[in-house]
Visitor: 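Here it is, the structure in full.
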Amino acid sequence: MRTMRTAAAAAALVTAAGLALAACGSDDGGGSAADKPATVEKQQPKGGTVLDQPFSKPDLTLTDTHGKSYDLIEKTKGHPTLLYFGYTHCPDVCPLTMSNISMAKSKLSKEQQKKLRVVFVTSDPKRDTPKELRKWLDGQDPSFIGLTGDFDTIQAGARSVGVSIAPSYKKKNGDVVSTHGAQVLAFSPEDDKAHVLYTEGNSGPDILKKDLPKLIEGKTP
């Protein structure tokens, strides 16, 4: 495990990661921790977290909402890209996060919107079919890209960028829960690496509205 540059930064990120993982329900079975937890260069109290060592895009080839194969690395190459792992039946964090992104994106110029890619990868592929994903994402923004596929493949891809997800499970009351990290990773068009991540507490529409123009230009907010 890589070390934080300061004890304060370590404590802050551990707290943020814990909240993110619990966002859509906690798993009594305990999903495995991410293989590569993010390390931070500095904490921004009113914005994203700048990573000490940026993440490369996950090597994922999944199925998009049109039922076609989608190579994440190739399809988003050279584009500013926001990546989020979640599921359509999520009762709170997922719809709020995607809504925040949608609201911030709507404030961009048409040219900026054309450049931006927003990718939602399901953590619950058993229920999130391409059709289900498309219907749900259309309620947020028709341009959002939805991907589904083999859970193990998705989980490995999430781990590669420090996001922990666990297989969905059924609670005693019959509810199905998919436990996942709530990080939004922002990949630069300059090198296709994630230099900034946003967690549940710092991904509001005002923050994203301020940061997105810089991210689209390949700059760090």
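Everything numeric here is computed off the predicted structure, so don't read it as measured data. Residues take their numbers from the sequence shown, with the count starting at 1.
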Visitor: The test is side chain to side chain contact (heavy atoms under 4.5 Å, CB included); show your working for Leu83 and Val184 and say whether it passes.
Guide: CA-CA 6 Å; Leu83 176 65; Val184 177; over 6 Å; no
Visitor: Minimum heavy-atom separation for Ser188 and Gly218, please, with both atom names.
Guide: OG-CA, 3.6 Å
Visitor: Under the side chain to side chain contact (heavy atoms under 4.5 Å, CB included) test, which residues partner Arg134, sequence neighbours left out?
Guide: Thr65, Leu137, Asp138
Visitor: Heavy-atom distance under 4.5 Å between the side chains of Ser143 and Val118, does that happen here?
Guide: no
Visitor: Does any donor atom in the side chain of Glu132 or Thr129 lie under 3.5 Å from an acceptor atom in the other side chain?
Guide: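 Per modelled atom types, Glu132 and Thr129 side chains form no pair under 3.5 Å.
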Visitor: In the single-linkage hydrophobic clustering (I, L, V, M, F, W, Y; side-chain heavy atoms under 4.5 Å), do Ile101 and Leu96 co-cluster?
Guide: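 Ile101 does not cluster with Leu96.
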Visitor: Report yes if some heavy atom in the side chain of Pro189 is under 4.5 Å from a heavy atom in the side chain of Leu215; otherwise report no.
Guide: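 When only atoms from C-beta onward are counted, Leu215 and Pro189 do not touch, as no gap falls below 4.5 Å.
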Visitor: Testing the basics here: between Gly149 and Pro125, what is the closest heavy-atom pair and its distance to 0.1 Å?
Guide: O-CB, 3.0 Å
Visitor: Should the pair Phe120 and Trp136 be assigned to parallel (<30°), tilted (30 to 60°) or perpendicular (>60°) ring geometry?
Guide: tilted
Visitor: Quick one: does Thr220's side chain get under 4.5 Å of Val196's, heavy atoms only?
Guide: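 The answer is yes; the side chains approach within 4.5 Å.
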Visitor: Could you measure the distance from the OH atom of Tyr87 to the OG atom of Ser168? Nearest 0.5 Å is fine.
Guide: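 Answer rounded to 0.5 Å: 9.0 Å.
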Visitor: Between the side chains of Lys105 and Asp141, is the shortest nitrogen-to-carboxylate-oxygen separation below 4.0 Å, so that they form an ion pair?
Guide: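 A salt bridge is present here (some side-chain N lies under 4.0 Å from a carboxylate O).
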Visitor: What salt bridge (Lys or Arg N to Asp or Glu O under 4.0 Å) pairs are there with at least one residue in residues 121-130, not counting sequence neighbours?
Guide: Asp124-Arg127
Visitor: Look up atom CG in Leu147 and atom OG1 in Thr122, then write down how far apart they are to the nearest 0.5 Å.
Guide: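 Going from CG on Leu147 over to OG1 on Thr122, the span is 10.0 Å.
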Visitor: Under 4.5 Å between any side-chain heavy atoms of Cys94 and His180, yes or no?
Guide: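 Sidechains of His180 and Cys94: in contact.
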Visitor: When you compare the side chain of Tyr84 with that of Val121, does any pair of heavy atoms fall below 4.5 Å?
Guide: no
Visitor: By side chain to side chain contact (heavy atoms under 4.5 Å, CB included), which residues pair with Lys209, not counting sequence neighbours?
Guide: Ala104, Lys107, Asp206
Visitor: Among residues at least two apart in sequence or on other chains, which ones pass side chain to side chain contact (heavy atoms under 4.5 Å, CB included) with Ile73?
Guide: Lys57, Asp59, Asp71
Visitor: Taking the side chain as every heavy atom from C-beta outward, state whether Leu108 and Pro213 have any pair of such atoms under 4.5 Å apart.
Guide: yes
Visitor: Measure across Thr153 and Leu60 and return the closest heavy-atom pair with its distance rounded to 0.1 Å.
Guide: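 Shortest heavy-atom contact: O-CD2, 3.3 Å.
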Visitor: Which atom pair, heavy atoms only, marks the closest approach of Ser56 to Val161?
Guide: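 Of all heavy-atom pairs spanning Ser56 and Val161, the closest is O-CG1, 3.5 Å.
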Visitor: Ile216 pairs by side chain to side chain contact (heavy atoms under 4.5 Å, CB included) with which of Lys114, Lys115, Glu111?
Guide: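 Of the listed residues Lys114, Lys115, Glu111, the side chain to side chain contact (heavy atoms under 4.5 Å, CB included) partner of Ile216 is Lys115.
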Visitor: What is the minimum heavy-atom distance between Gly157 and Ser160, and which atoms define it?
Guide: O-OG, 2.6 Å
Visitor: Between CD of Gln113 and CG of Leu212, what distance do you get to the nearest 0.5 Å?
Guide: 10.0 Å
Visitor: If you measure from NZ on Lys68 to NZ on Lys75, what distance do you get to the nearest 0.5 Å?
Guide: 8.0 Å
Visitor: Restricting to non-hydrogen atoms, name the atom on Thr76 and the atom on Asp192 that form the minimum distance, rounded to 0.1 Å.
Guide: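 Looking at all heavy atoms of both residues, the closest pair is O-OD1, 3.7 Å.
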Visitor: Do Thr49 and Asn202 come within less than 4.5 Å of each other through their side chains, counting heavy atoms only?
Guide: yes
Visitor: Only counting residues at least two apart or in another chain, list the ones meeting salt bridge (Lys or Arg N to Asp or Glu O under 4.0 Å) with Glu190.
Guide: none
Visitor: For Thr179 and Ile165, run side chain to side chain contact (heavy atoms under 4.5 Å, CB included): C-alpha distance rounded to whole Å, both residues' side-chain angles, the deciding distance at 0.1 Å, then the answer.
Guide: CA-CA 6 Å; Thr179 305; Ile165 65 174; over 6 Å; no
Visitor: Donor-acceptor check, side chain of Ser102 to backbone of Asn100, threshold 3.5 angstrom: yes or no?
Guide: no
Visitor: Please name all residues satisfying side chain to side chain contact (heavy atoms under 4.5 Å, CB included) with Ala194, sequence neighbours left out, ordered by chain then number.
Guide: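 Ala194 satisfies side chain to side chain contact (heavy atoms under 4.5 Å, CB included) with Phe55, Leu185, Phe187 only.
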Visitor: As an exercise, state the distance from CD of Gln140 to OG1 of Thr88, rounded to the nearest 0.5 Å.
Guide: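 The OG1 atom of Thr88 is 11.0 Å from CD of Gln140, to the nearest 0.5 Å.
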Visitor: State which residue, out of Leu62, Thr61, Ile145, fulfils the side chain to side chain contact (heavy atoms under 4.5 Å, CB included) condition with Tyr70.
Guide: Ile145
Visitor: Quick check for you: to the nearest 0.5 Å, what is the distance between Ser123 atom OG and Gln155 atom CD?
Guide: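 The OG atom of Ser123 sits 10.5 Å away from the CD atom of Gln155.
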